[in-house]
Engineer: 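Structure in structure tokens, see below.
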2 protein chains.
Amino acid sequence: MTTRFRAVPPEVDWRAFKVRHHKGGMVFAQGQPVYHWFEILSGVVRTSHIKADGNRRVTGFFFNGDVLGVESGLRTETAEALSDTLLLGHPLAATESAASLVDTPFRRALRCAQSTLFLVGRGSASERLAAFFASIATRLGSTDRVPLPMSRDDIADHLGLTSPTVSRTIVAFERHGVVTRIGRDELRVLRPDILLALAGERDLPADCHADMALRAMVRPSDSSESLTAQPIATAHTVQPQDKAARP
Amino acid sequence: MTTRFRAVPPEVDWRAFKVRHHKGGMVFAQGQPVYHWFEILSGVVRTSHIKADGNRRVTGFFFNGDVLGVESGLRTETAEALSDTLLLGHPLAATESAASLVDTPFRRALRCAQSTLFLVGRGSASERLAAFFASIATRLGSTDRVPLPMSRDDIADHLGLTSPTVSRTIVAFERHGVVTRIGRDELRVLRPDILLALAGERDLPADCHADMALRAMVRPSDSSESLTAQPIATAHTVQPQDKAARP
DNA sequence: CGGTCCGTTGAAGCGGATCAACTTTGGTGG
DNA sequence: CCACCAAAGTTGATCCGCTTCAACGGACCG
């Protein structure tokens, strides 16, 4: 819950500058390099993130006094003015030089929290779990090994699911040859490409339609059990417009 | 996505100390004052937040090299060791003195991101929207006025819902006298207590069971339309164990 | 005054929650 | 070392809330 006061005292506003945007204007765009962070003097700004699958995720709304665009490297999100807006821009370099050593933990925690935002709140159980597993594997630097020292309930409470759903989805992953269970608290990723595709981080391999197959997997209503043979899916190109990009 | 390197160079590790926890141990507890932040040398830690309604939300898992507990004031979450764990604790005071002015925007952004985590990914559409409206009102300092300069699609994409659901839920709120629509892009909150209760931030007023009533509202299947008369609900004490605390 | 966009409302289907039974695991003590 | 027990995971059946796909209405703007 952000407060409504000035973010930094005036003496730190070295080379701070005012920017005016009118309704619909773009403050910064996803993919651009980060040069400044902004403080809202008046107006409303919306930040959103477009995933590889085209889905949009609105990451925040910012009102008078709020701080936005605090990141480094490349913009992970786009900021647009929802109304005529007056911003105070702060050069990131000035901030960096004074606190480059110290604020690192804050930034890392911020990145971590923001990446978690993309895990929860959107997408099916398969997508969330795939993203979760991919995230763990990436953070540990191991391509295929995914330790799960937490309980299924922990995972469920983290992703906004329930324990039975987590179980079913993992079993479905395994039935499709995406992962293998090693004991109770470890996975081995057999098809990282499909895992990332399910997570929405990259496009699906052309040879399969994992999401449709996995959907059918979790709910074994149809008796067409031809799945144990082939790892993932037949060459069905029938994309049911499942959760494609909005127009 | 946090990296796996040391959070800060050694010269900043003034009075850094190692802490060892065994499986199940509590690193810090929700509500305690914040004195340190931690860096994981080995093991796994889980952070979770208990809401007023008793629901638990697992906010993150932290592995080797991750940073956790970066906040100020009182702990908003509890951290527990999922395995035998070795931590490196950093006094917050040392970090503060060097960067008290500069890291403020990072902290505010972090708080903002973390609070957003509690909005999405859990709870019904009513809960998410209630929390969203309450959040806007709080941030603007106005108890009752809630401007909505963003489209319904924006709100939906932010909360992990869809535009029709947002519409229906707002109308349901209005039918219960919780809010009133002023034009298209502004709300007036008539019953802040119920709004906060729906958001899970505090207990319900004893005289009503808003959640049950609102559920029935959104889906007008039953024709028992006695709702326009009394603001919220009759004195039904029939709590259907809806989303109560887990044991 | 007409057109277009956005919001609202309706009907139908599905995904995940819920409740409950069963199985497995891991830990403990005999 | 094995038997037992408690805790966790898996599986099944049913239900409900949200999504989806439409159609309608209303507001803003030319």
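Chain letters run A, B, ... following the sequence lines, proteins first and then strands; every chain starts at 1.
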Engineer: Reading DNA chain D from 5' onward, which residue's closest nucleotide shows up sooner: A:Ile170 or B:Arg184?
Structural biologist: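 This one resolves to A:Ile170.
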Engineer: From C-beta outward on B:Arg152, which listed nucleotide comes closest to its side chain: D:dC18, D:dT11, C:dT8?
Structural biologist: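 Of D:dC18, D:dT11, C:dT8, C:dT8 is nearest to the side chain of B:Arg152.
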Engineer: Which sits closer to the 5' end of DNA chain C, B:Lys23 or A:Pro164, going by the nucleotide each is nearest to?
Structural biologist: A:Pro164
Engineer: Given atom CE of A:Met150 and atom P of D:dA7, what is their separation to the nearest angstrom?
Structural biologist: 22 Å
Engineer: Is it the case that A:Ser126 and A:Thr169 place a side-chain donor and acceptor less than 3.5 Å from each other?
Structural biologist: no
Engineer: Within a radius of less than 6.0 Å around CZ of A:Arg188, do more than 12 heavy atoms belonging to other residues, nucleotides or ligands occur?
Structural biologist: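 More than 12 within 6.0 Å, yes.
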Engineer: With respect to the side chain of A:Arg181, which nucleotide from D:dT10, C:dG16, D:dT20 is positioned closest?
Structural biologist: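 Of all the options, the side chain of A:Arg181 is nearest to D:dT10.
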Engineer: Suppose we call a contact any N or O donor and acceptor under 3.5 Å apart; does that hold for the side chain of A:Arg168 and the base of D:dG12?
Structural biologist: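 Such a pair exists between side chain and base.
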Engineer: Are A:Arg75 and A:Phe28 in a cation-pi setup, meaning NZ or CZ lies under 6.0 angstrom from the ring centre and within 45 degrees of the ring axis?
Structural biologist: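 So A:Arg75 does make the cation-pi contact.
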Engineer: Between C:dG7 atom P and B:Glu174 atom CD, what is the distance in whole Å?
Structural biologist: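 It works out to 15 Å between those atoms.
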Engineer: Where the side chain of A:Thr165 is defined as all heavy atoms beyond and including C-beta, which of C:dA17, D:dG9, C:dT8 is the nearest nucleotide?
Structural biologist: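 The listed nucleotide nearest to A:Thr165's side chain is C:dA17.
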Engineer: Can you measure A:Asp153 atom CG to C:dT18 atom P for me and round it to whole angstrom units?
Structural biologist: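 The distance from CG of A:Asp153 to P of C:dT18 comes to 12 Å, rounded to the nearest Å.
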Engineer: Rounded to whole angstrom units, what separation is found between the CZ atom of A:Arg175 and the P atom of D:dT10?
Structural biologist: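 Atom-to-atom, A:Arg175 to D:dT10, this comes out as 12 Å.
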Engineer: Picking from C:dT25, C:dA17, C:dT8, which would you name as closest to the side chain of A:Leu161?
Structural biologist: C:dA17
Engineer: Which atom pair, heavy atoms only, marks the closest approach of B:Ala81 to B:His21?
Structural biologist: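 Between these two residues, the closest heavy atoms are CB-CB, 4.1 Å.
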Engineer: Over how many whole Å does the gap from A:Leu129 atom CG to C:dG15 atom P extend?
Structural biologist: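 Rounding to the nearest Å, CG of A:Leu129 and P of C:dG15 are 16 Å apart.
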Engineer: What is the distance, rounded to the nearest whole Å, between atom CG of A:Leu148 and atom C1' of C:dT25?
Structural biologist: 16 Å
Engineer: Whole angstrom is fine here: how far is it from CD in A:Glu186 over to C1' in C:dT25?
Structural biologist: 16 Å
Engineer: Output the rounded distance in Å from CG (B:Asp185) to P (D:dC28).
Structural biologist: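 Result: 8 Å.
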Engineer: Could you give me the CA-CA distance, side-chain angles and deciding distance for A:Thr59 and A:Thr76, then say whether side-chain contact (heavy atoms from CB on, under 4.5 Å) is met?
Structural biologist: CA-CA 10 Å; A:Thr59 49; A:Thr76 59; over 6 Å; no
Engineer: Nearest to the A:Thr162 side chain among D:dC18, C:dT9, C:dT18, which nucleotide is it?
Structural biologist: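 Selected nucleotide: C:dT18.
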